[in-house]
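Written below as structure tokens is the structure these notes are about.
These values consider heavy atoms only, across backbone and side chains, with no hydrogens, waters or symmetry-generated copies.
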Amino acid sequence: MFSSFAVPSLPGRGAVRLAAGALASALAVAGVVTGAAPAAAAQDDAARGQGGATATIGGLKTHGTAVIHGEDGDQQVQAGLFEMSVEGGGTLQTYCVDIQTPTQKDAKYQETPWSSTSLGTNKDAGRVRWILQNSYPQVNDLAALAKKAGVRGLTEEEAAAGTQVAIWRYSDDTDVEAADPQAERLADYLEKHARGLAEPAASLALDPPAVSGHPGERLGPVTVHTNSDGATVTPPVGAAGKDAVRIVDKKGRPVTEVTDGSQVFFDVPEDAEAGTAQLSVQASTTVPVGRAFASDSRSQTQILAGSSESTVAATATATWAAGGAIPALSAQENCAEGTLDITALNKGDEPFTFEILDTEYTVAPGETRKVPVPLPEDRPYDFTIRGPAGFEQRFSGVLDCRTQSAALADATHPLSEPAPAPVVTPSPNPNPNLAETGSSDATPLIGGAAIGLVVIGGAVLLLVRRRNEQ
């Protein structure tokens with residue numbers, strides 16, 4: 001995904017997006033409650049993933065030109081490498097995997113499992129990773145790469161353009177070619193020889209990201225998964241003194257450094273009042289090639305092509321109480337099902353009950369339950385689950401699971417007949433034959449549309465439910 005340009009209006013797509021927007025607005029406004037007293041502040045949950053690198057996109061750095069062949073004619077776009085700046089230090093190089101979705105300027109991205117992106121439902125995602133590992137910039141000997149592709153030579157711009165075009169053919173299943181003959185030959189070579197590879201592991205993750213239990217217990221274990229040689233543990237805020245919550249190993253010894261496979265626990269004092277605490281783990285490492293990066297601003301999904309030594313981080317939360325329901329919640333976007341899968345654990349001695357979209361769920365004492373929450377494509381969601389003793393857990397993000405080409409195939413059956421969603425016009429382009437890249441003016445219009453959709457959210461939500469029941 002990479003070029004930023006206006007997408008033609010699609011038959012029926014406006015109606016589908018209108019319903020989706022209204023459902024998302026209903027989620028954001030209604031929230032999710034359990035009847036317990038509210039807490040002063042909700043704990044945020046990064047639904048896209050539980051750890052890894054967080055970065056801000058800086059735009060295209062090395063690129064050439066490609067041509068998309070479509071039913072409405074040809075369109076030129078830029079094709080090549082993006083650069084991202086990592087929070088805490090480091091630089092990433094990425095290609096995109098959704099050719100017709102714009103990049104939002106300065107969008108923040110989070111390292112993300114394939115299952116939370118369009119790659120999760122793409123049988124050719126492993127071929128994309130093969131291309132990344134066998135082309136530029138992982139292969140920086142351009143003479144050797146040119147020889148394999150059967151061309152007389154390659155510049156960095158030609159290598160980047162050819163690699164991006166080959167990726168698009170598998171990520172978007174689209175008819176696209178590089179404008180430069182050398183880059184096109186490279187794209188053909190990579191497409192022909194690509195083989196499926198497994199998804200790379202996260203640079204850093206904690207499993208599970210949420211635990212619960214009683215005071216006087218060691219809550220956990222929380223297992224560290226990382227490709228780094230070592231990572232630093234930051235204890236909960238205020239973790240000083242004999243009455244503080246400590247981070248320990250299974251023998252009760254304080255932990256400040258961990259490695260891959262280490263297990264840590266929250267050691268909660270026996271007389272501690274009901275509450276929550278959060279630990280963080282941070283490391284410096286190179287992020288594995290092929291990791292996906294997604295943004296909650298609906299900026300096009302990226303896939304990692306190269307990484308400097310970069311800062312990565314992950315968090316885990318503990319909740320405790322002497323009695324009653326003691327919940328622990330985490331979430332993961334599931335693109336195969338179009339849901340946000342909330343995992344709810346109850347280590348208490350009473351049931352934990354909560355409601356989402358007029359549906360009530362109960363987690364029995366000692367039970368772990370997965371609750372799939374259906375969400376509309378491309379629309380923000382933001383809701384909070386509340387529990388006993390002021391417990392709150394907030395879930396927010398954007399379910400971005402389909403490329404534009406996949407959406408086209410599903411746009412022929414409108415839910416109703418309201419006016420189609422507006423097409424966003426890009427800012428002026430000095431070259432009218434070359435699509436603008438790197439940023440988009442879509443965000444303000446999308447935000448304004450979402451506010452308007454709240455008014456009709458109830459009616460359209462009913463339409464969505466009826467459609468789901470058919």
Side-chain angles (χ1 to χ4, degrees), residues 31-47 50-51 206-224 232-250 252-256 258 263-282 313-331 342-355 361-369 371 383-396:
V32 182
V33 298
T34 65
Q43 293 199 14
D44 290 338
D45 184 287
Q50 305 300 340
L206 300 179
D207 181 32
V211 295
S212 63
H214 300 88
E217 298 177 344
R218 293 174 190 157
L219 311 186
V222 175
T223 303
V224 178
T232 301
V233 177
T234 301
V237 175
K242 64 179 182 178
D243 297 328
V245 176
R246 302 183 306 152
I247 306 304
V248 301
D249 63 15
K250 62 182 179 181
R253 298 172 298 196
V255 173
T256 57
V258 291
Q263 291 187 327
V264 297
F265 300 76
F266 292 82
D267 187 9
V268 182
E270 188 172 0
D271 58 353
E273 295 183 359
T276 63
Q278 184 179 77
L279 70 84
S280 63
V281 176
Q282 183 172 297
T315 60
T317 302
T319 304
W320 61 87
I326 313 175
L329 303 175
S330 60
I342 297 176
T343 299
L345 165 70
N346 180 12
K347 282 293 187 72
D349 52 22
E350 294 181 7
F352 173 55
T353 301
F354 59 98
E355 185 179 285
Y361 302 92
T362 298
V363 184
E367 181 186 17
T368 299
R369 182 174 181 183
V371 177
F383 54 88
T384 298
I385 295 177
R386 297 185 175 91
F391 172 88
E392 289 190 354
Q393 187 78 44
R394 180 184 177 190
F395 299 94
S396 62

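- Within the 3.5 Å criterion, the main-chain N or O of Thr353 finds no donor-acceptor partner in the side chain of Thr362.
- Arg369 and Tyr361 get closest at one heavy-atom pair: NH2-CD2, 3.7 Å.
- Judged by distance alone, with hydrogens and angles left aside, the side-chain atoms of Asn346 form no donor-acceptor pair with the main-chain N or O of Glu367 at under 3.5 Å.
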*asked:* The test is side chain to side chain donor-acceptor pair (under 3.5 Å); show your working for Gln263 and Thr223 and say whether it passes.
replied: CA-CA 4 Å; Gln263 291 187 327; Thr223 303; 3.3 Å; yes
*asked:* Applying side-chain contact (heavy atoms from CB on, under 4.5 Å) to Val224 and Val233, what does each step give before you reach the verdict?
replied: CA-CA 10 Å; Val224 178; Val233 177; over 6 Å; no
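- In this model, no donor atom of one side chain and acceptor atom of the other lie less than 3.5 Å apart for Thr315 and Ser280.
- Asp267 places no side-chain N or O within 3.5 Å of a backbone atom of Val245 that could act as its donor or acceptor partner.
- In this structure, Phe352 and Phe391 have perpendicular ring planes: the angle between them is above 60°, well past the 30° mark.
- Annotation: side chain of Ile342 is in contact with side chain of Ile385 (closest heavy-atom distance under 4.5 Å).
- Pro236 places a side-chain heavy atom less than 4.5 Å from the side chain of Ile247.
- The two residues Pro215 and Glu270 come nearest to each other via the heavy atoms CB-O, 3.4 Å.
- The minimum heavy-atom distance linking Val211 with Pro221 is given by the pair CG1-O, 4.5 Å.
- Thr384 and Glu392 share no donor-acceptor pair across their side chains, judged by distance under 3.5 Å alone.
- Nearest heavy-atom pair, Ala316 versus Phe266, reported as atom, atom and distance to 0.1 Å: O-CZ, 3.5 Å.
- Looking at Arg218, its side chain never comes within 3.5 Å of a backbone N or O of Val248 through a donor-acceptor pair.
- The side-chain heavy atoms of Val255 and Phe265, taken from C-beta on, include no pair separated by under 4.5 Å.
- Of the inter-residue distances, the one linking Ser330 atom OG with Leu206 atom CG reads 11.5 Å to the nearest 0.5 angstrom.
- Contact detail for Ala344 and Leu329: the closest heavy-atom pair is CB-CD2, 3.5 Å.
- Under the 4.5 Å side-chain criterion, counting only non-hydrogen atoms from C-beta, Val264 is in contact with Leu279.
- Counting only heavy atoms from C-beta outward, the side chains of Arg246 and Pro254 approach each other to under 4.5 Å.
- Looking only at side-chain heavy atoms (C-beta outward), Pro209 and Thr317 stay at 4.5 Å or farther from each other.
- Inter-residue side-chain proximity for Thr232 and Val281 is flagged as unmet; no heavy-atom pair is nearer than 4.5 Å.
- The heavy-atom pair separating Ala244 from Pro269 by the smallest distance is O-CG, 3.5 Å.
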